[in-house]
2 protein chains.
Amino acid sequence: MNVRAGGQDGEIPDENLLDHDDCALVRGVLARAGDKWSILVLRILGDGPTRFNALQRAVGGISQRMLTVTLRHLERDGLVSREVTPSKPPRVDYALTSLGQSLREVTEPIGQWALANRGEIEGARIRYDAADL
Amino acid sequence: MNVRAGGQDGEIPDENLLDHDDCALVRGVLARAGDKWSILVLRILGDGPTRFNALQRAVGGISQRMLTVTLRHLERDGLVSREVTPSKPPRVDYALTSLGQSLREVTEPIGQWALANRGEIEGARIRYDAADL
DNA sequence: CGGGATCCGTAAAGATACTG
DNA sequence: CAGTATCTTTACGGATCCCG
């Protein structure tokens with residue numbers, strides 16, 4: 001979020017930070033990536049093009065409608081491509097676009113972070129919840 | 001059974017990829033970061049400890065309630081600390097914890113990505129929206 | 001000053017049933 | 001097979017009033 005290159009450590013000088021509008025953009029991306037099914041779908045599509053029903057089976061627990069909605073969102077943002085093969089029965093393959101792949105790469109560190117810090121997060125929650133019963 | 005179709009991209013070792021269960025965790029983190037105000041608050045707190053009203057002014061457009069709710073969530077997850085100075089009038093400073101700072105560092109690449117690809121995303125949306133009127 | 005509590009409107013989630 | 005349509009439910013977010 002902060003645009004300076006270089007240093008990794010604690011203090012972050014101001015200026016050079018994203019303005020309010022840019023935050024909305026970032027938030028939009030995070031919100032899309034953070035909705036209930038998107039990352040699951042993105043992950044599975046990372047294995048290669050997949051058909052609708054295969055996707056639904058792979059995700060597990062997603063309703064048809066939510067899969068459709070999720071795919072539409074991802075498609076709209078140019079993260080996923082949709083290829084129709086008119087046959088009988090019809091066949092539709094979804095795949096990651098290069099944009100989608102690049103997003104996956106960038107979100108991956110967050111996965112690492114979440115795994116590395118899950119204990120801390122859960123601990124913090126337990127402490128917090130215990131504090132004000 | 002994991003991701004990674006080779007592409008034009010950097011390498012992501014298989015062992016670092018998330019399995020199905022971990023996706024829920026990652027999604028939780030992304031959803032928290034992606035809610036309407038969190039990244040704004042995180043950014044401002046990155047500049048240093050800030051009081052409630054200063055935060056509200058800095059964010060701009062957030063209601064008192066949503067700021068409170070957002071701060072409680074961040075605090076619960078251990079991303080933000082809350083320090084009360086009992087005086088008159090009372091003073092409460094919020095600050096990033098080290099966990100919060102580390103999250104900011106990890107989410108920063110997404111900010112970069114969003115900015116770098118905003119044109120592509122917007123273009124994709126326009127194309128998508130134009131396609132099925 | 002820094003909230004908590006409550007109410008309300010909207011928008012998104014989700015299941016189910018139906019269709020080309 | 002791959003959706004769309006319809007409906008119900010839930011969560012988000014804003015406004016307002018109140019309190020220590």
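Values in this document were obtained by computation on a predicted structure and should not be read as measured data. A, B, ... follow the sequence lines: proteins, then strands. Residue 1 opens every chain.
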Taking only side-chain N and O atoms of [X], does any of them lie within less than 4.0 angstrom of OP1 or OP2 on [N]?
X     : N      : result
B/R72 : C/dG3  : yes
B/T68 : C/dG3  : no
A/R65 : D/dC7  : no
B/K88 : D/dG20 : no
B/Y94 : C/dG3  : yes
B/W37 : D/dC12 : no
A/R57 : D/dA2  : no

Between [atom2] on [N] and [atom1] on [X], what's the gap in Å once rounded to a whole number?
X     : N      : atom1 : atom2 : value
A/K36 : C/dA15 : NZ    : P     : 7 Å
A/Q64 : C/dA13 : CD    : C1'   : 15 Å
A/Q56 : D/dG3  : CD    : P     : 11 Å
B/D35 : D/dA11 : CG    : P     : 15 Å
A/L40 : C/dA13 : CG    : P     : 15 Å
A/L55 : D/dA2  : CG    : C1'   : 12 Å
B/H73 : D/dG13 : NE2   : P     : 10 Å
B/L67 : C/dG3  : CG    : P     : 8 Å

Output the single nucleotide from [options] whose closest atom is nearest the side chain of [X].
X     : options               : value
A/N53 : C/dG14, D/dC1, C/dG3  : D/dC1
B/P90 : D/dG20, D/dG14, D/dA2 : D/dG20
A/S63 : C/dC1, C/dG14, D/dA2  : C/dG14
A/F52 : D/dG13, C/dG14, D/dG3 : D/dG3

Self-check item: Check: A/T97 side chain, A/L79 main-chain N or O, donor-acceptor pair, under 3.5 Å
Solution: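 At least one qualifying donor-acceptor pair exists.
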
Looking only at non-hydrogen atoms, find the nearest pair between [X] and [Y] and report the distance.
X     : Y     : value
A/W37 : B/R27 : N-CD, 4.3 Å
B/I39 : A/C23 : CD1-O, 3.1 Å
A/L45 : A/Y94 : CD2-O, 3.4 Å

Exercise. Kindly determine whether A/R127 and A/D129 satisfy salt bridge (Lys or Arg N to Asp or Glu O under 4.0 Å), including the steps that lead there.
Key: CA-CA 6 Å; A/R127 258 176 279 119; A/D129 292 345; over 6 Å; no

